[in-house]
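Structure record follows, encoded as structure tokens.
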Amino acid sequence: MNALLDTLLNVMVFAFIGLLIWLYFKKEPADSTRDDLLRIRTEEKG
Amino acid sequence: MLCALALTVLVAGWGIFDTAGLAAFAARQVKIVLVSRGWFVMLTASVMLLVAIWLAVSPYGRIKLGLDDEKPEFSTASWLTMMFAAGMGVGLLFYAAAEPVTHYLFLSREMEPRRAAFLALTLTDFHWGLHAWAIYGITGLVIAYFGFRRETPQLISAPVQQVFGVRPWTRGVGWVVDLLSIYAIAIGLAGSVAMGVFQVQDGIAALFGFSPSGLALPLGVFAVLVLAYLFPLTVDLGRGMAVLSNTALVIAIALLVFSLMAGPTHFLMNTIVASIGDYAAKVIPNGFQTYAFFDEPVAEWFQSWTLNYMVWWLAWAPFVGVFIARISRGRTIREFLVGVLLAPTAFSILWFGVFGGLAFYKGAAAQLDPAVVSNNINQTTFLLLETLPFSRLTTAATIVAAFLFIVTSVVSAAYVLAMFSTGGDQTPPVRVKLTWGVILGLLGLAMILSDSVSAVREIIAMSAGPFVFIVLVLMVCLLKALKEEKPGRTR
């Protein structure tokens, strides 16, 4: 297989693993999520 | 919804009008991705298993999937039966003897036949065991946890917005996740339809004593199948589908018990017990085995079987995950994971121990030619049943079970696809369900026209590739949400 393609495909995986680790440790604004979702669902129903 | 429809119809159309082109494209894409990212697929499956074990034994295991006074909707026996029928279905009938024998033929080139037979069984158990069910289990757990405890819609994308908030990027990611889930379910199910049709056609040929040739018989079987599953989509059968699914599983269990009793019972029991030990000893190391220091034929075998299976389970994960989540409300995380991981794995070891062991025994006695898997893999189960008494009856039972497994799978999949494409509506309109039923039929037809099981497997693997990333995002969502829970607390 093309070595460049192989490297690119794997670099994408490394970046993805890094993204997962960052997402896991990322601090989320307290309670904003549920409020956002409730607001959106209410809007969608309305 | 329209994008998902367009994507699946495009693949179906491509498959129908240029079957060889689609199969060749899928083979090329899958080869590139599996060679390059095989390690990542294996690592993902192993990490999911380790996380599932950790969640089951940790204090988080006491968290209930629902409110703390909720009781499970189904009895434990019924729950386990439905879960197993949804997760494995027709594949079990198809590969019962065919898979161990295929591995045996490959391994016996390099090692002594008895050792090759035993290793072939361990590898088959590995493919159908804890790793497969960890992929289903974690996906199902994420959907059940967020659906029943955080009251999100039953969509694969819902946990992303629940955990990271409603932002432009989470909306975008959510849209892509739902689109890819729909696509993976549709292709994965259509592949099973094709495999089921191949098996039913060879069963009918074995029953009436003729050699199937051409596409007339599989297309006839396919037409009957489409008629059989379109009707249930127009009415709300409720638990009727569970009854059909359980009937198929009862027939499969009856075949298992009959083969154990009518075959060389002590040899098969020895095989099963030895398989349990070997599987338990090697399950974790095998999960990290990527055959880095083996030659090209082994690498190709690894891509065609182990990696292909892991990707296949990923393709089915959104469908089976939604289904097992729906039937698991009121259970704790521990109950859920122990049930999902252990019961189906134990059954798989029993199943392949009996049918694989029987195939090796009959092969040694020159009653079954192992080369059947190279000539026509679809016939393996039926040729094996012919070596036992009442073979016409058992062949007919296998055909009925395969047919029921396919019908129930397609009906359930059309329901889940309709639910996803209507934003999580628990009672999607009949016309949406019918639309998906027809699309699943078209995709199934495209795969039947390929007239090749390996082409079907590669088309499935191509569609499920992106899901390896999605399940990991879902797992991070779950672990992040659990950090907010006080372990052991119920609501």
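Note on naming: letters A, B, ... go to the chains in the order of the sequence lines (proteins, then strands), and numbering restarts at 1 for each one. Because only heavy atoms are used, hydrogens play no part in the values below, and waters and symmetry mates are left out as well, while side chains stay in.
When side chains are defined from C-beta on, A:N10 counts as touching B:S36, because their heavy atoms get closer than 4.5 Å.
Proximity to chain B is limited to the side chain of A:I17, based on heavy atoms less than 4.5 angstrom apart.
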Candidate pair B:I32 and A:D6, rule side chain to side chain contact (heavy atoms under 4.5 Å, CB included), full reasoning: CA-CA 8 Å; B:I32 290 170; A:D6 180 48; over 6 Å; no

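Listed here is the closest heavy atom pair of B:R37 and A:V13: NE-CG2, 3.3 Å.
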Under 3.5 Å, sequence neighbours excluded: what are the donor-acceptor pairs made by side chains of residues 466-481 of chain B?
residue	atom	partner	partner atom	Å
B:K480	NZ	A:L23	O	2.7
B:K480	NZ	A:Y24	O	3.2
B:K480	NZ	A:K26	O	2.4

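Residue pairs meeting the salt bridge (charged side-chain N to carboxylate O under 4.0 Å, His left out) criterion with at least one member in residues 174-184 of chain B: none, sequence neighbours excluded. Residue pairs meeting the side chain to side chain donor-acceptor pair (under 3.5 Å) criterion with at least one member in residues 293-303 of chain B, sequence neighbours excluded: B:H103-B:W301.
Below 4.5 Å, heavy atoms of chain A meet heavy atoms from B:W39, B:F40, all part of residues 38-48 of chain B.
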